[in-house]
Amino acid sequence: MRKVLDFVIVILSLVAAAFVFTGFDMEGIVKKMNQPAAVGSKELEANPGTAYEGRPAGEGIPEIKGQAEWEEVLNDVDYVKVVPKSIQKTDVYSLAEWADPFRRRRNGAVGKQKATVKQAPFDISLDYVPYYILELEDGSHILAQVSQSTAKDIKKGKEGALPIGRKRGFSQSAKSLLAPICAENDVPTDYIWYAVDNEWQDRHSFEILIGKAVVAVVFFFVLAVVLELLADKVLGKKKQQGQ
């Protein structure tokens, strides 16, 4: 009986720790310590060839609040700040641009190539960026890829924390996987708003991974100890009652 109970406690603690790992906003904490400077229209004019996706939006960046404004945005050219009314995560992901496209063996040798697109409830590897559905103020919807901390800020209504991004095309494989949920929500699948700072993510992805892992491990042990103490208490009372 005790061995079975210990096994159940370990499994429950592992499942809970996995949810903590995926849900804990370590990225947001790292961003507060290493926040990149805001980018406004003056910076864009002075540095036309620089990639600024995902950087905090500064002064003079056009705001997109409806479908008509979105349709006027030039693909891969205009930097805009999309101001959504709500955000919905899909279960479709694409391989992050900063991620190693190959799995590495322990000796460093190149292994199997990673899938460029996948469908899953969550991503533990942190090598993939989810697609989101953004609802605009006029009730229309667009697809987007933003960082997970940005998605949390949007859910909390933190408009000031929104980044800038560009309208992009995306793969047919992702479109096929997104087709059912997009049809259900009347979301066009021709373009996405891409607002992920690939350079920042590349520099900080490892510390984000380690931070999330540490929090999840600590949570696992704390929860397991608490559950063990509760189990001892319950079993102790039953033993007393049986005497």
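Nothing fancy with the numbering, it's 1 onward along the sequence.
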**Asked** Do you know the tightest heavy-atom contact between Val92 and Ala174?
**Response** CG1-O, 4.4 Å
**Complete:** dist His204:NE2 -> Met26:CE (nearest 0.5 Å) comes out at 11.5 Å
**Message:** Could you report the tightest heavy-atom contact between Val82 and Leu162, atom names first, then the distance?
**Reply:** O-CD1, 3.5 Å
**Check: Phe170 ring centre within less than 6.0 Å of Tyr191 ring centre** = no
**Message:** Here's a test for you: under side-chain hydrogen bond (donor to acceptor under 3.5 Å, both in side chains), which of Glu53, Arg203, Glu97 qualifies with Asn198?
**Reply:** Glu97
**Asked** Is there a donor-acceptor pair closer than 3.5 Å between any side-chain N or O of Asp123 and the backbone N or O of Ser125?
**Response** yes
**Asked** Regarding Arg168 and the six-membered ring of Tyr194, is the cationic atom NZ or CZ under 6.0 Å from the ring centre and inside 45° of its axis?
**Response** yes
**Prompt:** Hey, is Asp127 close enough to Lys114 for a salt bridge, meaning N to O under 4.0 Å?
**Reply:** yes
**Request:** Tell me, please, whether Tyr132 has Lys89 positioned over its six-membered ring: NZ or CZ under 6.0 Å from the ring centre and within 45 degrees of its axis?
**Result:** no
**Minimum side-chain heavy-atom gap Val30-Glu207 below 4.5 Å** = yes
**Asked** If you measure from the Lys or Arg side-chain nitrogens to the Asp or Glu carboxylate oxygens, is any gap between Glu63 and Lys65 under 4.0 Å?
**Response** yes
**Prompt:** Within a strict 4.5 Å, meaning less than it, do heavy atoms of the Ile124 and Phe21 side chains meet?
**Reply:** yes
**Prompt:** Do the non-hydrogen side-chain atoms of Leu74 and Lys167 ever get within less than 4.5 Å of each other?
**Reply:** no
**Other residues, nucleotides, ligands: >12 heavy atoms within 6.0 Å of Glu59 CD** = no
**Message:** Treating Glu69 as the side-chain partner and Gly66 as the backbone partner, does any N or O pair qualify as donor plus acceptor under 3.5 Å?
**Reply:** yes
**Message:** Using 0.5 Å steps for rounding, measure from the CG atom of Leu177 to the OG1 atom of Thr189.
**Reply:** 12.0 Å
**Request:** May I ask you to check whether Asn47 and Tyr52 show a side-chain donor-acceptor distance below 3.5 Å?
**Result:** yes
**Request:** Side-chain contact test, heavy atoms from C-beta onward, threshold under 4.5 Å: evaluate it for Phe206 versus Leu126 and give yes or no.
**Result:** no
**Prompt:** Quick one: are Glu228 and Ile9 in side-chain contact, heavy atoms under 4.5 Å?
**Reply:** yes
**Message:** Could you walk me through whether Ile181 and Gln88 satisfy the side chain to side chain contact (heavy atoms under 4.5 Å, CB included) test, starting with their C-alpha distance in whole Å, then the side-chain angles of each, then the deciding distance to 0.1 Å, before giving a yes or no?
**Reply:** CA-CA 11 Å; Ile181 191 170; Gln88 176 186 353; 3.5 Å; yes
**Asked** Can any side-chain N or O of Thr90 pair as donor or acceptor with the backbone N or O of Tyr131 at less than 3.5 Å?
**Response** yes
**Ser171 and Val117, any side-chain heavy atoms less than 4.5 Å apart** = yes
**Request:** Could you list the residues that satisfy side chain to side chain donor-acceptor pair (under 3.5 Å) with Asp138, not counting sequence neighbours?
**Result:** Ser140
**Prompt:** Hey, quick one: are Val83 and Ile64 part of the same hydrophobic cluster, counting side-chain heavy atoms closer than 4.5 Å, chains of contacts allowed?
**Reply:** yes
**Item:** pair Leu143-Cys182: side-chain heavy atoms closer than 4.5 Å
**Value:** yes
**Asked** If you measure only the distance, is there a donor-acceptor pair under 3.5 Å linking the side chains of Ser149 and Lys31?
**Response** yes
**Request:** Might you point out which heavy atoms bring Ile61 and Lys81 nearest each other, and give the distance in Å?
**Result:** CG2-N, 3.7 Å
**Message:** Before you tell me yes or no, could you show the steps for Gln67 and Ile142 under side chain to side chain contact (heavy atoms under 4.5 Å, CB included), namely the whole-Å CA-CA distance, both residues' side-chain angles and the distance that decides it to 0.1 Å?
**Reply:** CA-CA 8 Å; Gln67 190 65 36; Ile142 65 170; 4.0 Å; yes
**Prompt:** Shared ILVMFWY cluster between Leu209 and Val215, side chains joined below 4.5 angstrom?
**Reply:** yes
**Prompt:** Rounded to the nearest 0.5 Å, how far does OH of Tyr93 lie from CZ of Phe122?
**Reply:** 8.0 Å
**Asked** So which heavy atom on Pro101 is nearest to which on Leu95, and how close?
**Response** CA-CD2, 3.9 Å
**Asked** Just how far is it from atom CH2 of Trp193 to atom CG of Leu134, taken to the nearest 0.5 Å?
**Response** 7.0 Å
**Prompt:** Looking only at atom types and distance, does a side-chain atom of Glu43 sit under 3.5 Å from a main-chain N or O of Gly40, one as donor and one as acceptor?
**Reply:** yes
**Ser94 and Gln145: CA distance, side-chain angles, deciding distance, side chain to side chain donor-acceptor pair (under 3.5 Å) verdict** = CA-CA 9 Å; Ser94 66; Gln145 282 191 298; 2.8 Å; yes
**Request:** Specify the closest pair of heavy atoms between Lys152 and Gly23, including all atoms of both residues, with the distance to one decimal.
**Result:** NZ-O, 3.1 Å
**Message:** Could you go through Phe219 and Phe19, starting from their C-alpha distance and side-chain angles, then the distance that decides it, and tell me whether this counts as side chain to side chain contact (heavy atoms under 4.5 Å, CB included)?
**Reply:** CA-CA 10 Å; Phe219 180 85; Phe19 278 104; over 6 Å; no
**Residues Glu137 and Lys85 bridged, charged N to O under 4.0 Å** = no
**Message:** Under a plain distance cut-off of 3.5 Å, with no hydrogens placed, do Gln201 and Ser147 share a side-chain donor-acceptor pair?
**Reply:** no
**Message:** Would Lys212 pass as a cation-pi partner of Phe24, given that its NZ or CZ must be under 6.0 Å from the six-membered ring centre and within 45 degrees of the axis?
**Reply:** no
**Message:** What's the separation between atom CG in Asp190 and atom CD in Glu71, rounded to the nearest 0.5 Å?
**Reply:** 8.5 Å
**Message:** Is there a path of hydrophobic side-chain contacts, each under 4.5 Å between heavy atoms, that joins Tyr79 and Val196?
**Reply:** no
**Complete:** Scanning both residues in full, the closest heavy-atom pair of His141 with Val187 reads CB-CG2, 3.6 Å
**Message:** Taking Ala37's backbone N and O only, do any of them form a donor-acceptor pair with Arg55's side chain (distance below 3.5 Å, no angle check)?
**Reply:** yes
**Cluster link Leu223 to Val15, ILVMFWY, side chain under 4.5 Å** = no
**Prompt:** When hydrophobic residues are tied together by side-chain contacts of less than 4.5 Å, even through go-betweens, does Ile192 share a cluster with Ile133?
**Reply:** yes
**Prompt:** With a 4.5 Å heavy-atom cut-off, do Leu14 and Phe220 have their side chains touching?
**Reply:** yes
**Request:** First locate atom CG of Leu178, then atom CD of Gln119, and finally report the distance between them rounded to the nearest 0.5 Å.
**Result:** 8.0 Å
